[in-house]
Colleague: 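Have a look at this one before I ask anything.
Scope of the values below: all heavy atoms of this structure, side chains included, with no hydrogens, waters or symmetry mates. Order of appearance sets the numbers: ligands from 1, and atoms from 1 within every ligand.
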Amino acid sequence: MSKRTMMSVAALVGLALIGAWVVLSVLPPSARGADTPAQEFSAARAFTHVRQVSQATHVAGSPANDTVREYLVTTLRGLGLDPQIQDTVGVSRSDDEVAAARVRNVVAVIPGQDSTGRVFLVAHYDSVQTGPGANDDGAGVSTILETVRALKLGPAPRNDVVLVLTDAEEACLCGAEAFVAQHPLARDGGVVLNVEARGSSGPAIMFETSAGNAGVVGVYGKHAPHPVGTSFAVEVYRILPNDTDFSPFRDSSRFTGLNTAYIDGQAAYHKAQDTADRMDQRSLQHHGDNLLALTRSFGSGDLTDLRAPSGPDATYFPALGVLITYPDILVWPLAILAVLAVAAFAWWSVRGGQSTVKNIVISSALTALPIIVTVAAAQLYWTILTWLRPGFTNMIDPWWPVWFRWSVVALVLIILISGYAVISRRFGKVSASIGGLVWLALFGMLMAATVPGGSYLTALPALAGGLAGLAGHIAARFAAGVIAVVILAPTVTLFFPALGLATAAAPALFAILLGLALLPMLEELPPVPWALRSLVLAVVVLTTAGLVLNPFDARRPMPSQLMYAVDTDSNSAVWATTEASPGAYTKQFVSKEDSAAAFPALHAKWTGPAAVATLPPAQVTRAGKTVTIIPQRQVRLIHITVEGGTIESAGGQSVNATSLLFHAPPASGLELTLSTTAAVKIRVADGSDGLESLPGFKPRPPDVDAAGSHASDLVLVSKTYELK
Ligand SMILES: [Zn+2]
């Protein structure tokens with residue numbers, strides 16, 4: 001082995017070790033026990049709240065949710081606060097529907113000594129109807145309770161700290177909507193720290209900010225002890241159809257703030273399996289360490305400039321335990337510098353006789369292939385997994401996905417190494433390396449134009465790679481490799497849980513881009529014939545292990561989504577599901593693809609005939625413009641459509657729509673105001689639990705359970721009224 005080869009091997013080993021360090025640095029800290037000093041955050045102490053809050057499913061409006069709320073009020077009183085209930089109706093508008101809910105937010109204030117603005121700690125205490133919500137969002141509520149306990153031991157903060165434990169987040173974000181729109185404490189805006197979970201484990205990622213985030217991100221980077229967040233996540237999140245309580249605050253343009261969630265262990269999300277015993281308490285500790293430190297720093301600083309959106313956005317990313325930030329004004333200059341550095345390297349190598357213009361151009365063009373093949377292979381891999389295990393079809397991640405994630409990484413390495421071997425043999429190693437850097441520089445420009453917060457991901461490694469190429473020394477290449485690993489490895493790590501194996505193309509794309517940045521490290525290495533064979537073997541072994549270790553059983557069941565709707569006008573009923581390709585259990589109920597079912601609110605994809613159950617529809621009466629709807633069952637929502645007029649208000653809050661989905665209606669009835677006293681036709685469908693007592697229902701086998709969807713196990717009863 002030549003000295004240069006030995007140095008290259010040593011450098012690669014060094015990079016692998018740094019890669020491991022980088023991945024570990026974005027994982028959550030260890031959970032701290034009940035003996036943690038009182039001024040600090042203890043996951044064990046917070047977890048006692050998680051247990052209390054998640055004893056039962058507690059959907060908005062349910063008696064179980066009243067119990068949770070009483071626990072929160074009692075606990076806050078015990079901490080010396082004076083919690084108030086904001087009891088109102090919250091209205092939320094999205095593109096396709098207007099939703100509302102009766103909400104009871106728990107609001108408490110720790111008054112500041114000399115307040116320059118308000119800091120809001122926000123989490124929702126309601127759960128979905130299909131699970132007890134230990135993580136979502138028992139974790140958030142419990143993190144806030146433990147944070148307040150620690151906070152109260154110190155001197156009173158300078159700024160007002162306001163706790164907002166919201167109701168009906170799962171239904172329609174209506175608790176947060178009501179707070180933002182109606183509560184006097186919300187009038188002047190402030191800094192919002194929202195605490196969430198979309199799974200049961202993984203790091204607490206700060207994944208969303210208000211617009212003009214440089215100020216708040218600066219505080220986060222400086223004071224959060226374990227900062228994990230990237231400006232790229234903000235861009236990705238904007239594309240996804242998800243929302244949290246943070247949205248109403250953000251959309252009002254009065255607030256600034258940070259939104260944090262842990263998102264791994266997604267298979268438990270919104271399900272009966274979202275229980276306390278499945279929570280990884282390290283994630284709770286991560287939430288708490290950061291929230292306590294941020295509450296102290298926002299609570300003690302001058303909020304005059306921070307409390308309302310202003311100033312630029314920042315690019316930021318985690319690097320070995322710290323957060324690197326720079327203003328977005330540098331995004332384009334860095335992207336352009338990266339292009340220039342790679343071009344200079346190319347020119348230099350042509351001048352030095354290591355490559356030719358033609359070889360560089362062809363190598364660059366051919367490098368598109370491994371990138372495209374990677375994206376296709378990662379998606380095909382998931383398709384194959386769903387053939388091998390059809391139960392994966394309606395999941396975005398299996399219960400224990402790590403085996404498959406490493407398998408995708410091995411696939412990417414196979415594609416990278418084969419592509420490099422072919423291109424470098426024909427066009428030279430230097431041209432092949434430059435071809436990789438060209439793509440990094442191109443992605444840097446592309447993202448600067450479309451998702452500026454993500455441009456750093458490839459522009460900085462391209463810039464470092466170009467400069468290292470010009471320097472020509474192995475130490476410079478190693479430094480460029482370190483930069484690529486530090487910048488790209490966290491995104492690969494965090495993208496697997498963020499999008500799930502169902503969208504493995506995303507982490508795979510960034511994995512191959514990382515590989516392309518490291519090609520100069522391979523130049524001194526002789527071909528290793530067993531490398532490819534070992535990687536293929538790794539894919540086979542990891543995939544087999546993943547399949548064997550991911551059986552469906554009572555503890556980790558297969559999700560199934562089933563609903564039932566009876567139309568009392570036509571005296572007919574259907575089973576319905578939102579599953580795109582219904583699993584074996586659901587198939588027993590649905591038989592035809594039918595997205596235009598009689599109940600558009602169900603968003604059903606398949607339906608099947610059902611026996612008509614004797615369930616009483618809601619009673620509807622009218623006096624002038626006022627319509628009163630009184631459910632005759634224990635319902636959790638009412639869907640109303642009006643012809644011949646509009647719904648002006650519901651529960652006293654302005655609605656102005658012809659159709660409304662109202663969650664958690666009061667048992668005494670829901671009052672609507674119509675726009676007219678003329679005759680109208682009104683269709684009312686109310687929804688409840690109780691699927692299991694319907695005629696024709698077959699109980700789920702132990703390895704099948706309700707899917708984590710907002711309409712799972714819903715029983716709808718509808719009736720049309722002509723109101724004179
Ligand atoms: Zn949530």
Colleague: Angle between ring planes, Phe495 versus Phe232, binned at 30° and 60°: parallel, tilted or perpendicular?
Modeller: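 Geometry flag for Phe232 against Phe495: parallel rings.
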Colleague: So that I can check it, does any N, O or S atom in Asp245 come closer than 2.8 Å to the Zn ion (ligand 1)?
Modeller: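 For Asp245, the answer is no, given that no N, O or S atom comes within less than 2.8 Å of the Zn ion (ligand 1).
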Colleague: Taking C-beta and beyond as the side chain, do Pro227 and Pro318 meet within less than 4.5 Å on heavy atoms?
Modeller: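 Heavy-atom side-chain distance check fails, nothing below 4.5 Å.
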Colleague: Taking the six-membered ring for Trp, are Trp382 and Phe392 parallel (under 30°), tilted (30 to 60°) or perpendicular (over 60°)?
Modeller: parallel
Colleague: Under 2.8 Å from the Zn ion (ligand 1), is there any N, O or S atom belonging to Glu196?
Modeller: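 Yes, Glu196 qualifies, because one of its backbone or side-chain N, O or S atoms lies under 2.8 Å.
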Colleague: Between His287 and Tyr262, how do the two ring planes meet: parallel, tilted or perpendicular, split at 30° and 60°?
Modeller: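 Rings of His287 and Tyr262: tilted, 30 to 60°.
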Colleague: To check your reading of the site, what angle at the Zn ion (ligand 1) do OD1 of Asp136 and NE2 of His124 form, to 10°?
Modeller: 90°
